Amino acid sequence: MEASNVESIVFGILETVSRCGFQVRGDSDLRNDLDLDSLGTLLILNELEDAFRISLREEDFHQVASAGDIVEILRKAYLGVPAE
Amino acid sequence: MTAAWMQELRIDLGLAEELCFNPYHARLDRGIGRNASLSTASVLDLASNNYLGLADDPRILEAAGNALRENGMSLCGTPIATGGNLLFDGLCRSLAEFVGLERALVYPSCYQANTGLFSSLVGKQDVVVVDQFAHSSLLQGIAAVGCKVLPFLHNDMGHLQRVLDRTRGYRRVLVASESVFSTRGTICPLEEMNRLALRYGALPVIDDSHGIGVLGRSGRGILEHAGLEGFTGIYTASLGKALAGQGGVVAGSASLMEYLSYANASYIYSTALVPPVLGGLSESLRIVEEEFQVRRDRLIANRELLIRAAEASGIVVVAGEAPIVSVRTGSDRATLAFAKVLLAEGVFSTPFLPPSVPPNQGVVRLIPNAALTDEDMRTACRAMERAADATSEIRR
């Protein structure tokens with residue numbers, strides 16, 4: 001899988017779950033731009049597990065602030081996809 | 001010497017101080033009816049959950065007084081010990097019959113019922129599927145168990161089904177939601193949620209706190225509203241909203257309630273509701289059975305007036321089918337500012353800020369209860385327009 005595919009899947013899930021009505025970018029802030037609370041973030045993680053068929057550790061995502069942070073953690077810690 | 005970490009236990013009230021307005025912990029001079037008397041003025045009550053206007057009904061007050069005289073102030077015990085009496089059992093039976101389930105247990109509060117319920121039902125090897133906007137009491141109860149939590153998109157039954165597909169392999173599966181979402185007024189499609197839960201062998205749990213005494217043809221709540229007979233899940237509700245009392249109810253099959261009556265710590269380790277509350281609630285149920293239609297019609301008419309006034313003023317309201325009108329104010333500042341102007345114009349409302357709502361999704365909730373008159377509603381509509389004038393960023 002290529003890094004751009006990971007980004008595209010993550011951003012798509014964020015757009016669907018947050019119902020933000022705009023195109024999510026790497027610097028989209030989960031709280032301030034996407035209005036996600038802790039349960040919303042948990043919902044995102046469950047959707048990611050489903051999409052990538054992987055099991056995520058919630059504690060790995062406690063510090064994430066932006067959409068790009070999620071992509072980075074997934075890419076490095078779970079998918080082994082190098083940055084483009 | 002005070003521990004250093006005690007310095008961290010502080011609430012940031014900076015915005016409230018800047019706006020010279022803190023709507024929380026408002027202190028009323030007395031009880032509520034049409035009006036709420038604050039130290040500053042008498043204002044219209046569109047803040048409380050007194051949907052049917054029963055909070056100061058003289059018949060309920062008399063029943064509460066009679067129960068007090070006949071049974072004393074308290075039975076000074078938990079329901080499993082000395083806390084139950086004929087009045088207690090009578091209310092449990094009346095509630096079970098009212099909502100159409102086999103047996104009901106009365107708890108000191110619905111919050112306590114919801115936070116404690118899950119510990120008697122599931123453990124770490126189980127999963128609870130829950131609506132993303134479910135009430136804090138459900139979420140905290142689920143989180144305390146340490147089980148897997150799978151949220152589903154608000155009221156989205158297609159997404160619920162996809163989430164349920166992921167629950168295979170877990171020992172027990174619960175699906176939890178609320179009937180009426182109290183900051184939005186949306187209603188859970190319970191018939192479909194129940195059907196999906198049963199298909200996946202899951203136990204549905206529904207919190208009907210804002211539905212009991214409000215939804216359904218005769219006010220019996222979400223089960224009546226959804227046309228569900230023989231509901232095999234767990235039903236919970238607050239008795240301190242439309243029924244104008246206090247406490248909570250958990251209802252379901254006789255066997256499950258028997259189990260909870262011995263196994264649920266929230267039930268067996270807390271002093272039972274006191275006689276005046278039990279007596280008042282019994283009378284409240286009787287009044288709802290007799291007068292629901294008239295009171296509901298008034299409630300719905302008041303809701304329509306508010307929604308029309310909001311739309312005419314260019315205010316965005318979040319209004320589902322339930323008699324709740326929430327003005328979408330967004331930021332914390334706009335939310336507090338809007339509520340402040342409403343109060344200055346004589347209307348008591350409830351502003352919701354995070355974490356009660358997601359970030360930047362603040363709302364000011366108005367419940368136009370059945371006791372409010374036409375003149376009251378005109379006042380409320382005018383107040384809303386003025387609040388919108390003063391908080392222009394909330395206009396569409």
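In what follows, every heavy atom counts, from backbone to side chain, and hydrogens, waters and symmetry copies are set aside. Lettering follows sequence order; numbering is per chain, from 1. Quick caveat, the model's predicted, so the values are computed rather than measured.
Proximity to chain A among residues 157-192 of chain B is limited to B:H159, B:R162, B:R166, judged by heavy-atom separations below 4.5 angstrom. The contact list for residues 349-359 of chain B toward chain A, using heavy atoms and a distance under 4.5 Å, reads B:P354, B:P358, B:P359 by residue number. For residues 131-144 of chain B, the interface with chain A (any heavy-atom pair closer than 4.5 Å) comprises B:D131, B:Q132, B:L139, sorted by residue number. Contacts between residues 42-49 of chain A and chain B, defined by a heavy-atom separation under 4.5 Å, are made by A:L42, A:L43, A:N46, A:E47, A:E49.
Per-residue counts of heavy-atom pairs under 4.5 Å with chain B were compared for A:T16, A:L39, A:L34, A:L36; the largest is that of A:L39. With chain B as the partner, the residue from A:D37, A:D50, A:V17 showing the most heavy-atom pairs under 4.5 Å is A:D50.
Enclosure of atom CD1 in B:I11 is not indicated, since only 12 or fewer non-hydrogen atoms of other residues, nucleotides or ligands lie within 6.0 angstrom. Within a 6.0 Å radius of CD in A:E59, more than 12 heavy atoms belonging to other residues, nucleotides or ligands are found.
Judged by distance alone, the side chain of B:N360 and the main-chain N or O of A:N32 form a donor-acceptor pair under 3.5 Å.
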